[in-house]
Structures are given as C-alpha cells and as structure tokens.
Number of protein chains: 2
Amino acid sequence: MPAHPQTSTAAIVAAGRRLLEERGVDALTMRDVADAVGVRAPSLYKRVRNRSDLFRLVLEDVADELTGVLDAAAISGDPVADLRAMTAAYRGFAHANPVTYTLMMAPQAVPGATARSVRSSATFLNIVAQQAGPRHALPAARTIVAWAHGFITMELAGAFRLGGDVEQAWDFGLGRLLTAIRSPAD
Amino acid sequence: MPAHPQTSTAAIVAAGRRLLEERGVDALTMRDVADAVGVRAPSLYKRVRNRSDLFRLVLEDVADELTGVLDAAAISGDPVADLRAMTAAYRGFAHANPVTYTLMMAPQAVPGATARSVRSSATFLNIVAQQAGPRHALPAARTIVAWAHGFITMELAGAFRLGGDVEQAWDFGLGRLLTAIRSPAD
DNA sequence: TTGCAAGGCTAATATAGTTAGCCTTCACGG
DNA sequence: CCGTGAAGGCTAACTATATTAGCCTTGCAA
C-alpha cells in the first residue's frame, strides 16, 4: 500500500452524516465534506462513487445504528414493556437524528438503507406476535410502526400546530394501540 | 397592461406540479418548467421569486386540493363512516400524488403548505370528537392522522417488504384504531 | 402621440458536481 | 539497493443549473 491515506471512507461517511444533521440536506456539498476530512473535493471520488453514493453510505450507517438501538431496547421479556421500550427508543433516535432519520425513511431514499432495518423487524415482529397473536402479527406490527413513524415525522415537521400536549398525544396513541392490537378473536 | 403575457403563474405552478410528479424532485429544473409553459427560464422569475418559491406554490396548490378532497369526503353524518371516507380519500390522494404528497408533508417543506391543511383539521377534529369525546379529541385525531400518514409514507417508500397483504394491514389498522379511540372512560 | 411598465429575451455570473490527467509516495520483487 | 506500479493526493477543466443584469418590444392610458 502506497502513500499514507489522509482520510478513509469511514471518516467521509461520518463527516457527511454530521454535516447533514448540522446543516440540512441542501447545504451538504462535496466541498464541505472534503474540507471536514482534510482533502480536496475530487479526492472524495477515490472512496465514494458520487454524492448519491455518499448519501447511501450515510443512510446505511444510520440504519445500522437504529437497528442496534432497537434491539438493545427489547430486553425485559415482557411484550408490553418491550414494545414501549422499542417505540420510545425509536422516537428518541429520530429526535437525536432528525435529518438523517427523515431521509432514511423517505421515498426516493436508497433501497439499501431501509433494507437494513429489516433485521430488527424480526425482533419486533416476535414481540408483537405475543400481543396480537400470530395471525395478526404482521398487520399489527405495521399498524404500530406506521403510527410511530407518522407521529415522529409530523412532530419533526412541526405539523402538530393546534396546541395541546404532544407528549400526551404520544402516550394516548401508544396506550390505545397496545390495547387495540390485542387479539379479541384470534 | 402591456404586451400579451405568454404564460401565467398558474400555468407555471401547474407545469411544475406535473413535472414534479412525472420526474421526481431532483429532475425538476427551471429550464424544464420554462419549456413546458413556452418561455425561457429567466422569464419565470417575473412570476416566481426563485425555485424554492415555485416549490412553495406547488405544494400550496397540492395542499388546497387535498383540503377540498377531505372536506368532500365527510358527508355521511355518521362519524365512523366519515372517518373511513376521509382516511380512504386521504390515502387515495397520496397514491395519486405520491411525490408532491411526500414533499408536502416533509420536514424542511414550506411552513405555508402544511398550514393550509389546518383548514380541514377542524372538520376532522369535530368528527373525531364524536367518537373519542371532547377531552380526547385532539390526541385521538393525532393518533389517526399519524397512523394514516405513516402508513402511506411507508407504503409509498416501499417499506412494507415482508410480504403479506398491504390492503389487509390498512383495514386492520383502521378498524382497530376506530375502536381504540372510542372513549372508555371519559 | 408619447410614455411607461409588464414581460419577454440574450448574455453573463456563481456554484456544484464530476472527470481528466498528473505527481508523489512507498511496499515489494528483483 | 533499486526500480516500479498503484493508491491516493492535487489542479484544471467541463457541465449543468440557478440566478442576475440589462435590453427590447408591446400596447394601454394620459
């Protein structure tokens, strides 16, 4: 291996992720990323194919971290407690990474990124199955994830502008949902 | 008024909206919009401040239409039927306008656009109140909207990749939610 | 009839992403 | 020890796009 590398793909991804959160998606330039890791913009192309590729790598990184956070949250053994812990961890992660969370879940996002989160789907699905019964596990899981994702997205977008307590709305929704998915006639 | 205008703000907004849906957000250039309305790109600036402003106008247009669609759906007088009709209309609208719907609800979107939908919030809130009771109307409405928005967003993003019937998941979620928001102890 | 402003246009500028092509550094085989 | 080749920098150049500057024509209104 020749001349000392002055940076690495990992450093580029980390810088891109940080800048993305700090300045938003439109303000993220190859030049800024290059500055952050101490090289010139064209040198980035030795590591990433292009700007889209950098986005993909950043979002995969975010997805991996989210997977870890979710898996780490489900430890109590009690399904309701685990579901509460996982949804809270999910929301906490989104609040801590608002820009990249939103990008990761956005439509035109890279398929690769969202695919990563399939890994934690299995854990989640198992826990939901204990509440909703095996027949309704998949739709029940989708109901909870859709609600959580929608709530968080709207919250981050500032869409809850009719006043009221947003925390209370979260607790209300989660409480009602956890009851609602319980199998009444399985 | 001097020389015959060759276009109008409305035509520009309509062309922008159409191109946005057809080609996606990254492919929408001022040049393409100008071509679509029969002028040169710089002439657009006589009507819109800049590209962001064009986006704002397009998303406001979408929001206005969505408001109309939702209001038109709530006509039966029965709260459950109205809620089913409104959520179905909401989902149908999103499916018909996937790109602009997503943009409209996205975080960094223009505050103006989402603000328009506040108008239809009132109708929706009233109907939810008949189910959930006045005390829980706001959190209950937020629960349903969050679920619907999250479900649709994930659906459009292709995030439901574990197989299963997506229609069934929608029906399951909506059915359980409509029951769940009913006031058990108001 | 003359003035003036709306609303076109071309030309020019700035910013990004990206490519081309070169140069230096060292690990390694002879 | 020495030559070499590829990794990994860099500068310069190219392209696309938004946007601004400044001009020209048109036709209503005084």
Side-chain angles (χ1 to χ4, degrees), chain A residues 1-61 99-100 103 106 108-110 112-113, chain B residues 1-61 99-100 103 106 108-110 112-113:
Chain A
M1 293 66 200
H4 311 170
Q6 293 173 32
T7 185
S8 65
T9 304
I12 291 170
V13 170
R17 181 171 168 183
R18 188 170 49 75
L19 289 172
L20 212 45
E21 283 297 343
E22 281 175 7
R23 310 190 192 172
V25 56
D26 289 335
L28 182 75
T29 69
M30 297 301 271
R31 167 81 190 276
D32 286 343
V33 173
D35 281 352
V37 300
V39 299
R40 301 295 191 140
S43 299
L44 296 178
Y45 293 82
K46 300 285 183 177
R47 318 261 178 193
V48 301
R49 202 190 321 279
N50 50 37
R51 188 171 181 265
S52 297
D53 194 42
L54 174 55
F55 268 79
R56 182 183 58 80
L57 292 171
V58 168
L59 297 185
E60 282 179 9
D61 187 59
V99 176
T100 47
L103 284 175
Q108 71 275 28
V110 230
Chain B
M1 287 68 195
H4 310 171
Q6 294 174 32
T7 184
S8 64
T9 305
I12 291 169
V13 170
R17 181 170 168 181
R18 188 171 49 75
L19 289 172
L20 212 45
E21 283 297 344
E22 280 175 7
R23 310 192 192 171
V25 56
D26 289 336
L28 182 75
T29 68
M30 297 301 271
R31 167 81 188 275
D32 287 341
V33 174
D35 281 352
V37 299
V39 299
R40 301 295 190 136
S43 299
L44 297 179
Y45 293 83
K46 301 283 183 178
R47 318 262 179 191
V48 301
R49 204 191 319 281
N50 48 39
R51 189 170 180 267
S52 297
D53 194 41
L54 174 55
F55 269 79
R56 182 182 58 79
L57 292 171
V58 167
L59 297 184
E60 282 179 8
D61 187 60
V99 176
T100 47
L103 283 175
Q108 71 276 27
V110 231

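Just so it is clear, the model here is predicted, and its values are computed rather than measured.
Listed here is the closest heavy atom pair of B/Val37 and B/Ala15: CG1-CB, 3.7 Å. A pairwise comparison of heavy atoms in B/Asp53 and B/Asn50 identifies N-OD1, 2.9 Å as the closest pair. Contact between B/Val58 and B/Gly16 at its shortest, heavy atoms only, is CG2-C, 4.2 Å.
Taking side-chain N and O atoms only, A/His4 has no distance below 4.0 Å to OP1 or OP2 of D/dG8.
Contact check for A/Glu22 versus A/Leu28: no side-chain heavy atoms found under the 4.5 Å cut-off. Annotation: side chain of B/Ile12 is not in contact with side chain of B/Leu57 (no heavy-atom distance under 4.5 Å).
Listed by chain and number, the residues in a side chain to side chain contact (heavy atoms under 4.5 Å, CB included) with B/Val99 are B/Leu20, B/Glu21, B/Leu103 (sequence neighbours excluded). Under the rule for a side chain to side chain donor-acceptor pair (under 3.5 Å), A/Gln6 has no partner lying at least two apart in sequence or in another chain.
Every pair passing salt bridge (Lys or Arg N to Asp or Glu O under 4.0 Å) that includes a residue from residues 27-52 of chain B is listed here, sequence neighbours excluded: B/Arg23-B/Asp32, B/Arg31-B/Asp35.
Proximity of residues 14-24 of chain A to DNA chain D (heavy atom under 4.0 angstrom from any strand atom) is not detected for any residue.
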Between A/Leu54 and A/Leu44, is the side-chain contact (heavy atoms from CB on, under 4.5 Å) condition met? List the steps. CA-CA 9 Å; A/Leu54 174 55; A/Leu44 296 178; 5.5 Å; no
Nucleotide N/O of nucleotides 15-18 of chain D paired with protein N/O under 3.5 Å:
from	atom 1	to	atom 2	distance (Å)
D/dA18	OP1	B/Met30	N	3.2
D/dA18	OP1	B/Arg51	NE	3.2
D/dA18	OP2	B/Met30	N	2.9

Between the protein and nucleotides 10-14 of chain D, which nitrogen or oxygen pairs come in under 3.5 angstrom?
from	atom 1	to	atom 2	distance (Å)
D/dC10	OP2	A/Arg40	N	2.7
D/dC10	OP2	A/Ser43	OG	2.8
D/dT11	OP1	A/Arg40	NH2	3.4

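One can place CG of A/Asp35 at 14 Å from C1' of C/dT15, the figure rounded to the nearest angstrom. The separation between A/Leu44 atom CG and C/dA20 atom P is 17 Å, rounded to whole Å. Look at CZ on B/Arg49: it is 11 Å from P on D/dT19, rounded to the nearest Å. Whole-Å rounding puts the A/Arg47 CZ to D/dG8 C1' distance at 7 Å.
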